[in-house]
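Heads up, the thing below is written out as structure tokens.
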Amino acid sequence: RNNTRCDSFVSKSRLHSLPLIETHLHLVAMLGMLKHVQDGMPKAEAVAPFAAEFVGTFILAFMYGVCGALGDETWNITAVASALLAVTYSFAPISGGYFNPAVALANWLSGHLPWKRALMYMVVQILAGFVGGLANWTTLEFASMVGPRNNFSLGQAAVAETFYTAMLCLAHLSCVTCLRNNPKGDENHFSGLAVGFVVVAGGYSVADISGAIFNPAIALGLDAVGHGASGLGPLRFAGLQLVGAVLAAILFRLCWGTEPVRGRSLQVRILAVRNMKRQGSGFMGDTPDPYVAARWGPLEKRTSTIRNSLNATWSSDNEFYLGGQDLEKQPTLQLEVRNENKGQDTSLGHLSVDLCQMPLGQWQHVKERIADGQGADLEVQVMLLEQDIAADLAHHGVSEPTLGNRLMCELVGTFLLVLTLGLSAVTGSSVAPWSVAAALMTMIYSLGGVSGGHFNPAVTLGVMLSGRGVCGFIRGIAYWFAQMTGGILAGFACAAFQLDTARKSHPFDLGHSFVAEVLFTLMLVLVVLAVATAPSKPSVTAQHMPVGLAIGCCVVAGGFATGSKMNPAASWGLAAATAAWTGMVTSVPFVTCTILSSLELIGGILAAIIFRVTFANAYHVEEEEAKEYAEEY
């Protein structure tokens, strides 16, 4: 409590308490919303997702505050990342593991979350953030101020929050909710790692710029118990973090293409229509010839026609399947009783069946009076089934990513990787390799399923030279262009964060350990070839969790040992940052950068040669498979 050090996450300010009545009003409002939208669901199931979101967000908000008050400056960010990783693995099966209004917004914009559920999650998360801030004050007498740090401007801090909130949302979209990255029955197990390590990547890079919050609920909640020192800072941060969510939704679409939905199918069984009235204006009227049509979105099926019946019962031609619909867009089944008498087809009434609250895999018996049916009753049975549309599309090759999707992945991944490296240089982070490795690992898990997750011209060169058709020449050259573009754009972005008091001569050091650059680049590329492209041992899962960890560890090893960049895109990105900052192109160490990049590419070439020797079996897989097939058949 007596610690006067200004922590990199939060800084102390004057304190005031949050009125208790406001908390009560939020709780009352939330209970009312829960009751309204969860009608018909068991109470425990209705409350569980919202309780999970509240608890997870509260833990994160309290963790931020505790780290600011009592934590170790070096490990605060890793502590918060570990908390996010833990609650994601714990609660994602229950609620989806959002814990962040920006993440909920991004999922709604990308079509993964209904707007009502997204709005309710956002309210619960903001309330949990306020309670977390209040808990920090009541237990530690600690409050925080949300705003720029260390003479950085509000604009610089806001841009940092926007970029890394977008990265966090993109990781969640790609790893937690993306159906192509989570095929039915073989969901990935790296989602918590990918999401949690965004905090490591962004936290160590921009904590001294913005506080590294990346969460509107925490930005608002932690500052709520402070006293006016930050003014509109929390609202501005929250707004720009939501802008990051919008950016993430756009990038997700550009990288992954149109995301298929895990839809639903229906089994419909028409049983009977009773108590119908005679039709027409004669003395007795005409007895109808009824049939029943079932419509679900664009799909329509019908029963056979029963002649001259006021109480029609079906025993055949009455059961049909309607498949492949998104329940959020098509929430009701429309049933219409029609009369096929005397060559005319007229309506005898209709009935709508709500599917939203219907359990999966269970026959639901519906017997209700039809609208406009003059007292007639319709009796049906309906069963809602799950259909993995993503798997169906993949089976037919529809979901194969385009070259444009792949190039966007390489550009975005390289941009965020080099941005993390450059901002670590701006803030003088002593653990830059740790944050860069976290960024690389997150991007491999998030976008590797589309492009292969190279983000490095040396890696692409090694994969091209390794053969086996993994990456052809044309695609490799296109990857180089995307990677270099992403690296140089990141370099210019990093230059915008340099303070005027910083030294003007080469603030972004390229390093000079040339032998180490070759060897560590060789290690990095060889590990990529081994864990990401070589045939793996038979497994019950197609998900390769070690890939990101193994590749990220190469960056930790080389970065901490010698400060090696191991990436020509990073080298040229830092050179571009130096040129943009100094304003003098001649000050860029072009010779050093060219030599460094050449040595990194040599490392990639040597890795491909060593791979061909050590993984010779990878070049005989097709021959062995053909031989086994011939022997069997």
Side-chain angles (χ1 to χ4, degrees), residues 180 254-257 397 399-415 417-418 440 443-444 446-490 517-518 520-536 544 547 551 554 565-573 576 593-626:
R180 291 192 181 97
L254 293 175
C255 292
W256 284 92
S399 61
E400 182 70 18
T402 66
L403 180 60
N405 297 141
R406 299 176 192 271
L407 296 180
M408 180 56 66
C409 287
E410 289 296 311
L411 190 152
V412 171
T414 308
F415 175 86
L417 179 65
V418 178
L440 177 58
M443 288 296 97
I444 289 173
S446 299
L447 304 177
V450 179
S451 69
H454 298 183
F455 315 129
N456 185 332
V459 170
T460 299
L461 179 61
V463 175
M464 289 167 57
L465 296 178
S466 70
R468 302 163 296 145
V470 178
C471 181
F473 178 78
I474 295 177
R475 183 191 295 180
I477 297 299
Y479 273 20
W480 276 11
F481 178 79
Q483 292 157 356
M484 295 301 293
T485 301
I488 291 173
L489 289 176
E517 198 71 38
V518 174
F520 282 116
T521 304
L522 184 155
M523 179 181 72
L524 173 66
V525 178
L526 184 59
V527 169
V528 172
L529 292 171
V531 301
T533 72
S536 57
H544 301 296
V547 172
I551 298 171
C554 295
K565 306 299 181 292
M566 299 169 278
N567 189 333
S571 299
W572 283 99
C593 186
T594 302
I595 294 174
L596 197 64
S597 299
S598 300
L599 292 173
E600 290 161 347
L601 293 176
I602 290 173
I605 296 171
L606 294 176
I609 295 173
I610 295 174
F611 178 80
R612 283 179 173 269
V613 174
T614 55
F615 285 84
N617 64 318
Y619 296 87
H620 304 292
V621 172
E622 293 183 1
E623 296 177 5
E624 292 175 357
E625 290 179 349

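For the single chain, residues carry numbers from 1 onward in sequence order.
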Review point. Do you know the tightest heavy-atom contact between Gly453 and Glu410?
Key: N-OE2, 3.7 Å
Exercise for review: Mark yes or no for whether Glu600, through its side chain, and Glu517, through its backbone, hold a donor-acceptor pair below 3.5 Å.
Suggested key: no
Could you go through residues 602-609 and list every donor-acceptor pair under 3.5 Å that involves a side-chain atom there, pairing it with any protein atom two or more places apart or in another chain?
none

Exercise for review: Could you check Trp256 against Leu447 for side chain to side chain contact (heavy atoms under 4.5 Å, CB included), going step by step and ending with a plain yes or no?
Suggested key: CA-CA 8 Å; Trp256 284 92; Leu447 304 177; 3.9 Å; yes
Review point. Rounded to the nearest 0.5 Å, how far does CG of Leu411 lie from CG of Leu489?
Key: 6.5 Å
Point to revise | ring pair (Phe, Tyr, Trp, His ring centres under 6.0 Å) partners of Phe611, counting only residues at least two apart | key: Phe615
Check your understanding: Side chains of Ser597 and Trp572: is there a donor and an acceptor less than 3.5 Å apart?
Key -> yes
Exercise for review: Report yes or no: does Asn567 contribute a side-chain atom to a donor-acceptor pair with the main-chain N or O of Phe455 at less than 3.5 Å?
Suggested key: yes
Review point. So, the side chain of Ser466 versus the backbone of Val463: is there a donor-acceptor pair under 3.5 Å, distance only?
Key: yes
Study note, to complete from the structure: Output for pair (Leu596 CG, Lys565 NZ), nearest 0.5 Å, gives 7.5 Å
**Study point:** Side-chain heavy atoms of Leu461 within contact of Pro457, under 4.5 Å
**Key:** no
Practice item. Might you work through the side chain to side chain contact (heavy atoms under 4.5 Å, CB included) test for Ile595 and Leu599, ending with a clear yes or no? Key: CA-CA 6 Å; Ile595 294 174; Leu599 292 173; 4.0 Å; yes
Check your understanding: Does Arg406 reach the main-chain N or O of Arg475 with its side chain, forming a donor-acceptor pair under 3.5 Å?
Key -> no
Point to revise | Val450 to Cys255 - nearest heavy-atom pair and separation | key: CG1-O, 3.5 Å
**Study point:** For Thr521 against Ala458, the heavy-atom pair lying closest together
**Key:** CG2-CB, 3.8 Å
Revision key, fill the gap. To the nearest 0.5 Å, atom CG of Leu524 lies from atom CZ of Phe520 at 11.0 Å
Point to revise | Residues Gln483 and Thr414: side-chain donor-acceptor under 3.5 angstrom | key: no
Review point. Can you name the side chain to side chain contact (heavy atoms under 4.5 Å, CB included) partners of Val531, sequence neighbours left out?
Key: Val527, Val547, Ala550, Ile551
Check your understanding: Short question: side chain of Asn456, backbone of Met566 - any donor-acceptor pair under 3.5 Å?
Key -> yes
Review point. Within the side chain of Arg612, is there an N or O that forms a donor-acceptor pair under 3.5 Å with the backbone of Leu465?
Key: yes
Practice item. Could you tell me whether the side chain of His454 reaches within less than 4.5 Å of the side chain of Cys471, counting heavy atoms only? Key: yes
Exercise for review: Provide the closest heavy-atom pair for Pro568 versus Leu601 in the form atom of the first, atom of the second, distance.
Suggested key: CG-CD2, 4.0 Å
